Structures are given as structure tokens and as C-alpha cells.
Amino acid sequence: MRILISNDDGIYSPGILALAEVAAEFGQVRIVAPDVEQSAMGHAITYSRPLNYKKTPIGDFEAYRVNGTPADCVSLGVSLWSDVDVVLSGINLGLNIGNGCWHSGTLAAAKQGALLKLRGIALSATVEDENADWEELKPWVRKVLDQVLTDYDFPLLNVNFPQHPKAFRWTRQSVRHYDGRLTPGTDPAGRQYYWFTVDPVEETQQDTDRWAIQNGFASITPLRLDITDHEELARAWDTQPHG
Ligand code: MN
């Protein structure tokens, strides 16, 4: 199995090496990732300038850094390495659950794999800095990959790990609340600025990604590329005239 690994934290993030080390137990690994952090860049692609593809050793892995977005990295990685089977993205330093999935570069890299008719898996964890205990997380990454790479022919999965997982649960995306907020402040020169922050969402619905994390479970959410609201479409076809 050929496994292409990317992320949005940048190629030198410790999370990508931790993921590559576990993924190497399942197949041949190559890393193609952004040269600098691209978190919250979503599914942007670079079309207004050319991209570089430069070799950079990461651990013992064949790895390339790209001056582009996570989706750029996957497109380049897939076109420059034949017969890729699956794209793994992460392990992101921070969760990608709920409505945050719309902004996630981690998820976008996996989605780009799915768009290219490969399988894509995004992996994120409740770790905020480089002191994270990757060794504690690795058995859980192994457990999830073992389940989904061998048993199940999915197109796109979003996986999130709490700090100390006790099991994993299949979940749906929690979309009830949006937790992004712009907070005003003043810079040292007295000018007003606005900074995106995240409001904690306390209330959760059972069986969602957020519920799983709050209850100590690793969360696996199958996603699709078709964002059509099929219920609304059926209702419109039933009730609305075609104009
Ligand atoms: Mn990130």
C-alpha cells in the first residue's frame, strides 16, 4: 500500500512524523507537506504562482516540502508518485470537529485525496504544543488505521483523538453551533484590530464528534464530498416550480 502523508501544521510539525512512523507499519510512506504552517487555510489551492517541490528528510522518510497549501501538497504528491492508495493528513495539533471542519487545512488535504478518487483520512488530536505525548497516542492511531485501512472501503474519514482515549466511536459531525468569533482589541499604536477566537461549545448532542471527544472517545466521522442538502432538494422538487 502506498501512503501519502500531508498536514497543515507544516512539514516540521512533530505530528506528521508521529503519523508517518505508525503509517509505515501499513505500507510505503512518502511525506509531502507545506513548508510553513497552513492551518485554517481550508481547501485553498495556489493558481496565481508556481509551486516548489523540495526534498527534506523527516526522520528516515522520503519527504518533500512545498510552498503551498495542504491541497496543493496532495495534488503534487499524487501526481509525482504513482499508484498512491490513501492520503493521510495530520496528526494535527488541535481538534478538527464540528463546523471547524469547514476551515480545516488538515481535512482539506484528505479531501483532496478523495477528490482524486483515493481514500483520505484526516487525523487530529487535542495537543496544543510540541510537548504532546505522541507515544501515548500512537497505539490509538495504529488501532484506527488497522480498522479503517483493512476492513472498510471509505472515501473520506475525519478522525479526532482526545488527550487520553479510552476507545473509539463512529460519529456524525456536530453542526449545531459555530464557535468562531471575532474579538476586538487595540494594538500598541492604539489602532483597533479584530482577532478570530474560538468560543467553547459546552452543549453537545449524542453521537457527534464533539460528544465523543468530551466523553474521552476517539471519534471517526465518515464524510462525503457531495454537500447537497438532499432533503431540501427533494422538498423543492415536490413543492417548488421549475422556473
Ligand atoms: Mn493545523
Side-chain angles (χ1 to χ4, degrees), residues 3-23 29 31-46 51 56 58-59 61 63-77 87-114 120-134 136-138 140-141 144-145 156-163 165 173-174 178-182 195-201 209-210 212-213 218-221 223:
I3 304 170
L4 181 72
I5 297 187
S6 194
N7 75 352
D8 77 357
D9 292 335
I11 195 160
Y12 304 112
S13 166
I16 205 167
L17 180 59
L19 177 56
E21 285 169 351
V22 178
V29 165
I31 298 172
V32 181
D35 56 358
V36 294
E37 183 170 353
Q38 297 282 323
S39 290
M41 293 301 281
H43 207 131
I45 54 164
T46 302
L51 295 167
T56 297
I58 298 294
F61 295 99
Y64 300 86
R65 66 180 192 274
V66 174
N67 58 340
T69 65
D72 290 334
C73 293
V74 171
S75 288
L76 261 180
V87 174
L88 304 184
S89 178
I91 301 169
N92 189 60
L93 279 70
L95 298 170
N96 280 302
I97 57 175
N99 284 312
C101 292
W102 288 104
H103 307 301
S104 170
T106 305
L107 185 51
K111 252 191 297 169
Q112 187 66 22
I121 309 176
L123 302 106
S124 308
T126 316
V127 287
E128 300 300 341
D129 59 43
E130 297 182 6
N131 302 319
D133 189 352
W134 299 107
E136 187 194 346
L137 204 53
K138 278 180 181 176
W140 288 97
V141 175
V144 167
L145 291 184
L156 181 60
L157 295 178
N158 186 30
V159 181
N160 284 273
F161 299 98
Q163 230 149 26
Q173 186 188 10
S174 121
Y178 180 69
D179 58 3
R181 182 165 59 91
L182 277 163
W195 201 315
F196 248 113
T197 54
V198 173
D199 275 334
V201 176
D209 47 12
R210 197 180 301 280
I213 295 295
S219 162
I220 311 177
T221 309
L223 300 175

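Start at 1 and go down the list; that is how both ligands and their atoms are numbered. What you are looking at is a predicted structure, and each value in this text was computed from that prediction instead of being measured. When a residue number appears, it is its place in the shown sequence, counting from 1.
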- Query: When you check the space around the Mn ion (ligand 1), which protein N, O or S atoms turn up under 2.8 Å?
  - Reply: Asp8 OD1, Asp9 OD1, Ser39 OG, Asn92 OD1
- Task: State whether the side chain of Asp72 and the backbone N or O of Leu51 hold a donor-acceptor pair below 3.5 Å, judged by distance alone.
- Result: no
- Test applied, side-chain contact (heavy atoms from CB on, under 4.5 Å); reference residue, Ser89; option that passes from Ile121, Leu107, Thr106, Ile16: Thr106
- Item | Candidates Val144, Asn92, Val127 - the one meeting side-chain contact (heavy atoms from CB on, under 4.5 Å) with Phe161 | Val144
- The side-chain hydrogen bond (donor to acceptor under 3.5 Å, both in side chains) partners of Gln38 (sequence neighbours excluded) come to none
- Query: Mind checking what makes ring pair (Phe, Tyr, Trp, His ring centres under 6.0 Å) contact with His103, not counting sequence neighbours?
  - Reply: Tyr178
- Item | Sequence-distant partners of Phe61, ring pair (Phe, Tyr, Trp, His ring centres under 6.0 Å), two or more places apart | none
